[in-house]
Asker: 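Can you read through this structure? Questions will come right after.
No experiment lies behind these values; they were computed from the predicted model shown. Computed from heavy atoms alone, side chains included, the values below leave out hydrogens, waters and symmetry copies.
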Amino acid sequence: MTFRKQHSSFLSLFFVFFLMLGTKASGQVGGFAGAPFRMGFGARGIGMANATVAWNNGDVVGYNNPALVPFQETATGAVSVGVLSLDRSLNFLSYTQRLKPSAGVSFGIINAGVGDIQGRNRDGEVTEKYSTSENAFAFSFGLKMNDDLSFGVSTKILYYSLFSEVSSTTVGFDLGAYYKVAQGLSLGLAIQDINSKYKW
């Protein structure tokens, strides 16, 4: 009886520790260029936790994997507006189109920001309001080698406005690949934010 209680307590502690570890790991993207954009866009992207690197059905967004763009059957536009807690916002606009016979392009604009940041003097009185914003302008191109294999590349211009007269701009690249192994099974690979580093 004592052994079972100790064993059960150990499992409970291990489970709580595992949950805390996962929470800690998910908060580590804040120091990189384009970190707010990793939250996802649209119902499908957020619902699948951005696990859309090998998803080529429906509305394709080149931001997740540029190799998927040639699989977009019809020209598609997408708009996503996010009003988050703590006066944050996350907005997304994209357009994807297939280029016959075997290519595709995608354009996207992403905006993430925080508003109503109170500026205060030494006495704690509110002096003015501040805001920050990070923006990305992305162009993706993908090419199908055959019906089962495709490659793609994205170019992103990232602009961060941190404070009055304090801003930084950088250019980054994404590489993507897609391979259909069998019916109902596909593999995707995306290497994102190559060279995406702000210099202040």
Side-chain angles (χ1 to χ4, degrees), residues 21-42 45-46 48-53 60-69 77-96 103-122 126-143 150-178 188-200:
L21 182 65
T23 304
K24 177 73 172 170
S26 67
Q28 296 302 311
V29 297
F32 300 100
F37 309 147
R38 292 171 178 82
M39 293 178 66
F41 313 102
I46 295 173
M48 295 180 66
N50 284 341
T52 56
V53 177
V60 175
V61 177
Y63 184 86
N64 298 320
N65 187 352
L68 301 177
V69 174
V79 177
S80 175
V81 177
V83 180
L84 309 176
S85 61
L86 303 175
D87 297 314
R88 297 172 299 158
S89 63
L90 180 62
N91 308 305
F92 178 65
L93 174 68
S94 76
Y95 176 79
T96 306
V105 293
S106 180
F107 304 93
I109 301 172
I110 311 168
N111 166 265
V114 181
D116 286 337
I117 302 172
Q118 292 183 355
R120 295 177 180 266
N121 60 20
R122 292 183 180 181
V126 177
T127 56
E128 57 184 304
K129 300 278 188 175
Y130 298 102
S131 63
T132 67
S133 67
E134 187 170 7
N135 305 280
F137 306 90
F139 171 77
S140 303
F141 177 80
L143 183 64
S150 66
F151 297 97
V153 62
S154 293
T155 302
K156 295 187 290 190
I157 301 172
L158 295 110
Y159 172 75
Y160 202 129
S161 175
L162 181 62
F163 190 68
S164 176
E165 300 181 8
V166 179
S167 62
S168 183
T169 304
T170 186
V171 177
F173 304 94
D174 297 345
L175 300 176
Y178 169 84
L189 171 69
I191 302 172
Q192 295 184 320
D193 295 319
I194 300 170
N195 194 53
S196 298
K197 297 178 181 178
Y198 290 123
K199 295 180 181 179
W200 300 99

Asker: Going by the rule side-chain contact (heavy atoms from CB on, under 4.5 Å), which residues pair with S167 if we only count those two or more places apart in sequence or in a different chain?
Answerer: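 In terms of side-chain contact (heavy atoms from CB on, under 4.5 Å), with neighbours along the sequence ignored, S167 is linked to Y159.
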Asker: Could you pull out all residues at least two apart from T127 that satisfy side chain to side chain donor-acceptor pair (under 3.5 Å)?
Answerer: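 Not a single residue meets the side chain to side chain donor-acceptor pair (under 3.5 Å) criterion with T127.
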Asker: For S196, give me all partners under side-chain contact (heavy atoms from CB on, under 4.5 Å), at least two apart in sequence or on another chain.
Answerer: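 By the side-chain contact (heavy atoms from CB on, under 4.5 Å) rule, S196 matches A33, L158, D193.
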Asker: State which residues pass side-chain contact (heavy atoms from CB on, under 4.5 Å) with S140; sequence neighbours excluded, sorted by chain then number.
Answerer: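 With sequence neighbours excluded, S140 shows a side-chain contact (heavy atoms from CB on, under 4.5 Å) to P66, V69, S106, S154, given in chain and number order.
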Asker: List for me each residue that meets ring-ring contact (aromatic ring centres under 6.0 Å, His included) alongside Y130, sequence neighbours excluded, and say none if there are none.
Answerer: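 For Y130, the residues satisfying ring-ring contact (aromatic ring centres under 6.0 Å, His included) (neighbours in sequence not counted) are F163.
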Asker: Which residues pass the ring-ring contact (aromatic ring centres under 6.0 Å, His included) test with Y160, sequence neighbours left out?
Answerer: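 Per chain and number, Y160 pairs via ring-ring contact (aromatic ring centres under 6.0 Å, His included) with Y198, W200.
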Asker: Tell me, please, which residues at least two apart from N195 pass side chain to side chain donor-acceptor pair (under 3.5 Å).
Answerer: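 Partners of N195 by the side chain to side chain donor-acceptor pair (under 3.5 Å) criterion come out as none, since no residue qualifies.
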Asker: Could you work out, with side chain to side chain donor-acceptor pair (under 3.5 Å) as the rule, every residue matching S94, not counting sequence neighbours?
Answerer: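 Per chain and number, S94 pairs via side chain to side chain donor-acceptor pair (under 3.5 Å) with no residue.
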Asker: Could you pull out all residues at least two apart from F37 that satisfy ring-ring contact (aromatic ring centres under 6.0 Å, His included)?
Answerer: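 Checked F37 against ring-ring contact (aromatic ring centres under 6.0 Å, His included); zero matches.
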Asker: Mind checking what makes side-chain contact (heavy atoms from CB on, under 4.5 Å) contact with K197, not counting sequence neighbours?
Answerer: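 K197: no side-chain contact (heavy atoms from CB on, under 4.5 Å) contacts found.
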Asker: According to side chain to side chain donor-acceptor pair (under 3.5 Å), who are the partners of N111, at least two apart in sequence or on a separate chain?
Answerer: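 Only N91, N135 meet the side chain to side chain donor-acceptor pair (under 3.5 Å) criterion with N111.
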Asker: Under the rule for ring-ring contact (aromatic ring centres under 6.0 Å, His included), what residues qualify as partners of F139, not counting sequence neighbours?
Answerer: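 Only F107 meet the ring-ring contact (aromatic ring centres under 6.0 Å, His included) criterion with F139.
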